[in-house]
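Here the structure comes first, spelled out in structure tokens, and everything after it is commentary.
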Amino acid sequence: LGTTTALVRKGDRPASSVPDAPTPPRIRVAAPVSQTDLPKTLSPHVTALPRARECASLYENKSFGRDDWAVHRLGTDTLLWELPCGAGAYNFSQAYVLSANDGSGARALEFPTPRGPLDSLVNSSFDSQTNTIGAFGKGRGVGDCGSMASWAWTGREFALLSEDNMSDCLGIHWDIWPSTWRTAQ
């Protein structure tokens, strides 16, 4: 504000008076691992979690069918379980759980954001080639508002890589939404 290049409330101060952007945090993404020998059934350790029971309660039969959930390998003894946890007209929510290969030590994940942690993600998917999860919560069906974010597996946790938000549905394509979080890799 108050500079010759301001978008709103232009002023007389030169653009050089705007401070440099802070250096973005650096995230080291864990190397991808083979996705072989994954479990064929949902671990009872996972389904026993309160978050998993809450998600399952959204279904008429109160349990997950084989095509509802997915599992991915994050490390030699670390699995990422993806559970459906809500559906609407164009948004589908997923909850995520970490466990050992046998399902032990299962714990529901929360994903960091600048506004606080999320216990589920909207329209999300895990990419085993990049060890990242991307999510796109649409404010309406055409996808011209909402929130997009991605998280990377560091070997210990999922760290926020990027976030873009458009709170007003103005027909603006998501490629040019304002960035609210960026990291360096």
Side-chain angles (χ1 to χ4, degrees), residues 1-33 35 51 54-55 70 72 74-75 78 80-98 107-185:
L1 300 177
T3 65
T4 57
T5 57
L7 292 175
V8 294
R9 295 200 330 221
K10 290 184 182 271
D12 296 332
R13 291 193 342 244
S16 60
S17 68
V18 176
D20 290 336
T23 303
R26 183 167 295 280
I27 303 295
R28 173 172 262 149
V29 181
V33 296
Q35 297 296 305
R51 183 70 177 132
E54 178 185 342
C55 292
H72 314 280
L74 296 175
T78 306
L80 175 68
W81 302 85
E82 181 179 340
L83 307 174
C85 200
Y90 43 81
N91 284 320
F92 303 89
S93 297
Q94 298 80 23
Y96 289 86
V97 172
L98 279 183
R107 64 180 175 93
L109 288 177
E110 289 189 332
F111 294 88
T113 73
R115 292 166 313 289
L118 300 174
D119 65 357
S120 62
L121 302 177
V122 180
N123 300 325
S124 66
S125 62
F126 176 73
D127 182 341
S128 63
Q129 300 300 308
T130 61
N131 260 350
T132 60
I133 294 176
F136 181 11
K138 297 176 183 179
R140 64 181 181 176
V142 296
D144 66 334
C145 55
S147 179
M148 294 186 315
S150 63
W151 293 264
W153 176 247
T154 66
R156 290 186 4 254
E157 63 187 358
F158 278 95
L160 182 62
L161 287 180
S162 66
E163 183 184 69
D164 299 333
N165 286 293
M166 177 56 70
S167 57
D168 296 324
C169 299
L170 301 172
I172 297 172
H173 195 271
W174 56 81
D175 284 346
I176 58 173
W177 286 3
S179 174
T180 52
W181 186 264
R182 286 285 180 254
T183 59
Q185 293 182 37

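No hydrogens, no waters, no symmetry mates; every other heavy atom, side chains included, goes into these values. Here the structure is a predicted model, which means the values were calculated and not measured.
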Practice task
Apply the test side-chain contact (heavy atoms from CB on, under 4.5 Å) to residues Phe126 and Leu74: give CA-CA distance (whole Å), side-chain angles for both, the deciding distance (0.1 Å), then the verdict.
Solution key: CA-CA 10 Å; Phe126 176 73; Leu74 296 175; 3.5 Å; yes
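- No side-chain heavy atom of Leu109 sits less than 4.5 Å from a side-chain heavy atom of Asp119.
- Closest heavy-atom contact between Cys55 and Pro84: CB-O, 3.3 Å.
- At most 12 non-hydrogen atoms from other residues, nucleotides or ligands lie less than 6.0 angstrom from CH2 of Trp181.
- Surrounding CG of Asp175 are more than 12 heavy atoms belonging to other residues, nucleotides or ligands, all under 6.0 Å away.
- Sorted by first and then second residue, the salt bridge (charged side-chain N to carboxylate O under 4.0 Å, His left out) pairs involving residues 146-164 (not counting sequence neighbours) are Arg115-Glu163, Asp164-Arg182.
- Rounding to the nearest 0.5 Å gives a distance of 9.5 Å between CZ of Arg13 and OG1 of Thr4.
- Listed for the Trp151 side chain is no donor-acceptor partner under 3.5 Å among the backbone atoms of Thr132.
- A ring-centre distance under 6.0 Å is found for Phe111 and Tyr96.
- Residue pairs that meet the disulfide bond (SG atoms under 2.5 Å apart) test with at least one member in residues 132-185, sequence neighbours left out, are Cys145-Cys169.
- No donor-acceptor distance shorter than 3.5 angstrom exists from the side chain of Ser150 to the backbone of Gly134, with no hydrogens or angles considered.
- In terms of heavy-atom proximity, Leu1 sits nearest to Arg9 at CD1-NH2, 3.0 Å.
- With sequence neighbours left out, Asn131 forms a side chain to side chain donor-acceptor pair (under 3.5 Å) with no residue at all.
- You'll find the side chain of Val29 stays beyond 4.5 Å of the side chain of Thr154, heavy atoms only.
- Side-chain contact between Arg140 and Tyr90 is present, with at least one heavy-atom pair separated by less than 4.5 Å.
- Phe136 has its ring centre less than 6.0 Å from the ring centre of Trp174.
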Exercise for the section: Could you go through the side-chain contact (heavy atoms from CB on, under 4.5 Å) check for His173 and Asp144 one step at a time? Expected result: CA-CA 6 Å; His173 195 271; Asp144 66 334; over 6 Å; no
